[in-house]
Amino acid sequence: MCSVPVKKPKTDIGPPYYYDMLPEIIKENYGKWKYHEKIKPGVLKHVSENGAELYTVRAGSPRLLSIVTIREYADLADKYSGGHLRFTSRHNVEFLLSDPANIEPLIAELEAKGYPVGGTGDCLNNIIHTQGWIHCHSAATDASGPVKAVMDDLFEYFKKDDLPAKLKISMACCLNMCGAVHCSDIAFVGIHRTVPTIDDAGVAKGCEIPNVIASCPTGAIRPNPKAKSVMVNEEKCMYCGNCYTVCPSMKIMDPVNDGVAIFVGGKVANARSGPAFSRLAIPWVPNTPPRWDELVVAIRNLVEIWVKDARKGERYGEWIERIGWEKFFEMANLPFTDKHIDDFIFSVPTFRTTTNFKY
Amino acid sequence: MSEKKRPLLEELKKGPWPSFVKEMEKSAHNSKTAELLDLLERSYEDKTGHWKHGGIVGVTGYGGGVIGRYTDLPEEFPEVREFHTMRVNQPSGWYYTSDALRTLCDIWEKHGSGLTNMHGATGDAILLGTTTEHLQPCFNDLSEAGFDLGGSGSNMRTPSCCAGPARCQNACIDTLDLCHNLTNTFQDYLHRPSFPYKFKIKISGCANDCVASIARADLSIIGTWRDAIRIDQEAVKEYAAQGYDIQGLVVDKCPSQACTYNAEIQEFTVDNPNCVRCMHCINKMPKALRIGKETGATILIGGKATIVQSAFLSWVIVPFMKLEKEDDYAELKDLIERIWEWWDENGKVRERVGELIYRKGMREFLKAVGLPPVPQMVKHPRANPYFFWWPDEIISSASGDAEAEAAAGAEVEK
């Protein structure tokens, strides 16, 4: 008898077919949805052309999930939504219900398990974020920790949909910005503030010098032929860390000086005003684990001034556009510094070229 | 299981928002996950990460989909000496059945830490933390169960899309089908890195752009229409009857002043040729207003985050393209391949396609991929007089041939 041959794995099979994941009510009404209503924070009702009603219940998650929790989601889906659920681009889980009688029992179970329901419409949505110290080599700060601290503090807004408009906060733990947080109402980003320390022997042994030189946005890196390494012009370096990404021997971590910068006023939707970048509000708050108290206070302040002053329907950036940046800094009680004035390659169009401004 | 105290992480179990520390503890019967908690506590003490750059690890036949990860404190934390990530290609729109999720969980319980991200920024389901020896068996089990890996490195990254026509009335295109189709068609580019750098494709069904394609995709596909917004005047009257401020919240905020509302007869009208289809009025009165019927997508290129040359929002290159399942999206796929060909030929190592267009000029790009310049591509024309001419647009002084001059002149006017 011969042994069973080892089966060669199938490659290039592609992702599971989405259609097989859909509940009957969706298959029957695919492409036929007519409108939706916001029932309450975290609950949407979609109505189709033939009158079918689909209910969505959205719960927030910390993105980093144990399989224990995912199995709980699966059990809840079996119990309340025929085994059908989805995730959103902002790390929420959504249960797709055809029976409205299941909405309240599902919410009660989710809340009892500590999975808060909310985040739809004019709520604070979940914070998109990155990996941080849990699993990334280039993180200038943690991601899950600061996000948890900020969401704890702003929790009430996840459950209330009476903000001036939707509020999307995003977080990236270094300038690589996995998840592209640069177009959010409020974005906070891990930054470095000191030049890399060069391990010449390491560069010589392990790095492609032309790649290291090319990785620098400001041309601050030049060859150091003697050491078969590179040199950094400290006056040109703005600590982006891209050289470290391509060469581990350009060490840029600095526990004392690394921290978080906060940007405001960006959006991606085209509704009314077009998509826009977030702009610098606070150049640096220190890394203060475990709960980043300075960061939490700063973001709460930024949210509250908008909630207080914005007109109904104004996203963060639209509000600032109306009142003017000079008023924003005054209202936020934030110092305006030389850090706020762009000096990178696309700076000129950001300078004021009119005598129209406020005091 | 480690019984060490972790006082800093303990602080992050407090508060109403779900705690990632509690999530990690749920899987801490796995010795690797327990040690990951210890390593994270150390990062909280040191205020710095403790991971090294990725090494080259993977599964047979693929060059992407696995991110090698090693701690820089292997003596102290031997259990996470190797702690690699696997990216699992998600179903379009992140729709799952409970059974599909359980299958994924069972495989990950067998082969890894039990920790995941649902989902990573690119869209994949992220399986966080396993050893080199488990990679191939884990992939074999995934493949057997109908899952495949996503992209990483310099390849086409896993395409992703919004909820689409499965759960949204605003889907102008079948984002789910298109995402599935493009992923399958271009799998070789996804699994086997051969590009200058990463290339992300994201598909949103309408201009609300729920997957932020314009901000973070090299190729952004955003649904739109080119006929008229559909209006249900009875539903308009219902909004009015409920006291909804149609003038203030809808009409006055229309960016192109294309909406009007006659409060006397409670009639809402749209000047469609002057509507820019931003979705605002439809968002505000979903029961009364609907997207048009002649639908397709706007194609944009170059979106990316900050590194290296600054963040770019994607730029319009095709204002409207029909996207038909019937012809297997041939026009779009053909365009994508022409874009890749030009980028592959001209791009430097780690140069995103948007940065290449910035370096070489949009005119070079448009000519190379065969797209005609149209005003929809710009906010305004250039203000400087520094523009190039193609050789065939110049009247040759040597020829003295009136016919050739006339032909060249005509070419310029075109």
Side-chain angles (χ1 to χ4, degrees), chain A residues 9-16 18 21-22 26 30-31 33-36 62-68 70-71 74 77-78 83 85-87 89 114 133 137 139 144-145 148 151-152 155 175-180 182-183 217 242 248 253 255 268-272 275 287 289-291 313 346, chain B residues 8 11-12 15-18 20 23 26-27 43-44 47-49 51-53 61 89 91-92 94-98 101-102 105 108 114 116-118 121 140 143 146 148 165-166 169 176 184 187 207-209 211-212 214-216 249 253 255 278-280 286-287 305-308 310-311 313:
Chain A
K10 290 174 285 177
T11 64
D12 301 81
I13 62 171
Y18 64 93
M21 306 290 174
L22 304 176
I26 285 186
Y30 196 93
W33 300 107
K34 197 173 168 196
Y35 67 88
H36 78 268
R63 185 180 97 127
L64 181 67
L65 292 180
S66 161
I67 54 174
V68 174
I70 299 172
R71 284 171 176 153
D78 281 350
L85 69 171
R86 70 179 289 268
F87 293 85
S89 60
W133 292 337
H137 63 288
S144 296
K148 161 79 173 141
M151 283 306 285
D152 277 341
F155 187 70
L175 298 195
N176 280 319
M177 293 193 196
C178 307
H182 53 277
C183 296
N242 199 37
M253 304 299 167
V268 291
N270 287 270
R272 303 173 303 282
N287 268 337
R291 295 200 59 103
F346 300 112
Chain B
L8 294 172
E11 290 300 312
L12 288 163
W17 189 251
F20 69 100
E23 289 298 316
K26 284 180 189 175
S27 283
S43 282
Y44 270 62
K47 297 207 274 187
T48 190
W51 296 102
K52 294 200 287 189
H53 285 59
N89 198 333
S92 283
W94 301 288
Y95 291 90
Y96 290 93
T97 59
S98 51
L101 284 180
R102 286 193 191 97
C105 290
W108 195 230
T116 73
N117 293 146
M118 300 297 276
N140 295 358
S143 167
D148 203 345
Q169 71 275 10
L176 303 167
N184 279 294
Q187 276 203 71
N208 285 323
D209 197 0
V211 289
I214 205 163
R216 58 192 189 136
L249 294 177
K253 288 176 181 286
C278 80
M279 294 301 295
H280 173 72
K287 282 187 182 176
T306 304
I307 302 284
V308 179
S310 293
L313 292 162

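Within every chain, numbering begins at 1; the chains are lettered A, B, ... in the order of the sequence lines, protein sequences first and strands thereafter. If you're wondering where the values come from, they're calculated on a predicted model, not measured in any experiment.
- Heavy-atom pairs under 4.5 Å with chain B were tallied for A/Val268, A/Leu85, A/Asn176; the largest tally goes to A/Leu85.
- At a 4.5 Å heavy-atom cutoff, the contact between B/Leu12 and chain A is made by backbone and side-chain atoms alike.
- If you tally non-hydrogen atom pairs under 4.5 Å between each of A/Pro217, A/Gly313, A/Pro16, A/Cys183 and chain B, the highest count goes to A/Pro16.
- Looking only at heavy-atom pairs under 4.5 Å with chain B, the residue among A/Ile13, A/Leu22, A/Leu175, A/Asp78 that has the most is A/Ile13.
- Under the 30°/60° scheme for interplanar angles, the aromatic rings of B/His53 and A/His137 are found to be tilted.
- Scored by the ring-ring contact (aromatic ring centres under 6.0 Å, His included) test, B/Phe20 finds no partners at all (sequence neighbours excluded).
- Within a 6.0 Å sphere centred on NZ of A/Lys34, other residues, nucleotides and ligands contribute 12 heavy atoms or fewer.
- Residue contact with chain B, scored on non-hydrogen atoms closer than 4.5 Å, involves the backbone and the side chain of A/Tyr30 alike.
- Interface remark: of the candidates A/Ala74, A/Ser66, A/Ala139, A/Ser66 forms the most heavy-atom pairs closer than 4.5 Å to chain B.
- Looking at A/Asp152, its side chain does come within 3.5 Å of a backbone N or O of B/Trp17 through a donor-acceptor pair.
- Interface residue A/His36: backbone and side-chain heavy atoms are both found under 4.5 Å from chain B.
- In terms of heavy-atom pairs under 4.5 Å with chain B, the best-connected choice from A/Gly114, A/Ser144, A/Gly31 is A/Ser144.
- The parts of B/Lys253 that come within reach of chain A are both its backbone and its side chain, each placing non-hydrogen atoms under 4.5 angstrom from that chain.
- Your options are B/Ala215, B/Ala305, B/Ala212, B/Ala166, and the one with the most heavy-atom pairs under 4.5 Å with chain A is B/Ala166.
- Only the side chain of B/Ile214 comes within less than 4.5 Å of a heavy atom of chain A; its backbone N, CA, C and O stay farther away.
- For the atom pair B/Asn208 CG and B/Cys278 SG, the distance stands at 8.5 Å (nearest 0.5 Å).
- Between chain B and the residues A/Ala77, A/Cys178, A/Gly145, the most heavy-atom pairs under 4.5 angstrom are made by A/Gly145.
- In terms of the salt bridge (charged side-chain N to carboxylate O under 4.0 Å, His left out) criterion, A/Lys10 has no residue partners (sequence neighbours excluded).
- Proximity to chain A (any heavy atom under 4.5 Å) is shown, for B/Asn117, by both the backbone and the side chain.
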